Amino acid sequence: MTRPEMADETLFLLLHNEMVSGLYRAAEHGEGENGRCITKLENMGFRVGQGLIERFTKDTARFKDELDIMKFICKDFWTTVFKKQIDNLRTNHQGIYVLQDNKFRLLTQMSTGKQYLEYAPKYLAFTCGLVRGGLSNLGIKSIVTAEVSAMPACEYISD
Amino acid sequence: MAVCIAVIAKENYPLYIRSIPTENELKFHYTVHTSLDVVDEKISAMGKALVDQRELYLGLLYPTEDYKVYGYVTNSKVKFVMVVDSSNTALRDNEIRSMFRKLHNSYTDVMCNPFYNPGDCIHSRAFDNMVTSMMMQVC
């Protein structure tokens, strides 16, 4: 995980973009309605998240509580997947956590500002699933939603 | 060296259980089942005990006259239980730890296999081979 591989980030970015457009193309050709694409993306992310978390928590110590788990997701998990940490973690101490990333890797190539804002949710669905899968494997049932106010910053809200 | 190895899911049902010798298998199933209580006790006592509360390896769960039972829990609350023959006194703690690490590594590989659905029984041949290698080392 710490080898300096230059191309792997771009590879995942391109694969992810192709995944999103591929799913939507298939939907247009009549394979199920459009509304299900986001769900499919999220479920894909869910399964990947489960496997990833198993691999990442193999060597870490046991987690003390929910906040510990969220901190792990913000630091180690995000760093390994997106090469940077979450910029801001907020909680209302009643089960709602907001993870804010000011320069989300999967969106930086699209725009900086308000252009293409309406297309952003499609690209966030996979990551929502990723977080949900990771949390579910660690024993936390959650609903993860994402919001974009200005590219490339986005927020993930975990319930 | 190990006489019986079991992988128990978060909801406490067995994902994988195998024992050698193959007769008397029910006795081992029963032993693993009763050891789950001890595992739960160790996990929940984490808050009060000062020793090794953040470790994944749980150590000796309980010894009987014929064999000893060791436990290990992952961060995803999947438990590994290993029953070892008591007559084999050459086995040290470090060796048990390394066996559990190998188990954990193989389990992670199974988890990342896209054809495996989390919660199903483990049918992977690679996992089987690894477990066989751990069980047959003495005979």
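Throughout, a chain's letter reflects where its sequence line sits, starting with A, and its residues are numbered from 1. Computed from a prediction, not measured in an experiment: that's the story for all the values here.
- When the side chain to side chain contact (heavy atoms under 4.5 Å, CB included) test is applied to A:E18, the partners found at least two apart in sequence or on another chain are A:S21, A:R25.
- Residues that satisfy the ring-ring contact (aromatic ring centres under 6.0 Å, His included) test with B:Y72, not counting sequence neighbours, are B:F80, B:F100, B:H104.
- At least one side-chain heavy atom of A:R47 sits under 4.5 Å from a side-chain heavy atom of B:P118.
- In terms of hydrophobic clustering, with Ile, Leu, Val, Met, Phe, Trp and Tyr side chains grouped at heavy-atom distances under 4.5 Å, B:Y13 and B:L103 are assigned to a common cluster.
- Interface residues of residues 108-117 of chain B toward chain A, defined by a heavy-atom distance below 4.5 Å and sorted by number: B:T108, B:D109, B:M111, B:C112, B:N113, B:Y116.
- Other residues, nucleotides and ligands contribute over 12 non-hydrogen atoms within 6.0 Å of the NE2 atom of A:H16.
- Atoms CG and OG, on A:L138 and B:S76 in that order, are 7.0 Å from each other to the nearest 0.5 Å.
- Under the 4.5 Å side-chain heavy-atom criterion for ILVMFWY residues, a single connected hydrophobic cluster contains both A:F12 and A:M19.
- Note that the NZ atom of B:K10 and the CG atom of A:N137 stand 5.5 Å from one another [nearest 0.5 Å].
- In terms of the ring-ring contact (aromatic ring centres under 6.0 Å, His included) criterion, A:F46 has no residue partners (sequence neighbours excluded).
- A donor-acceptor pair under 3.5 Å links the side-chain atoms of B:N75 to the main chain of A:T57, judged by distance alone.
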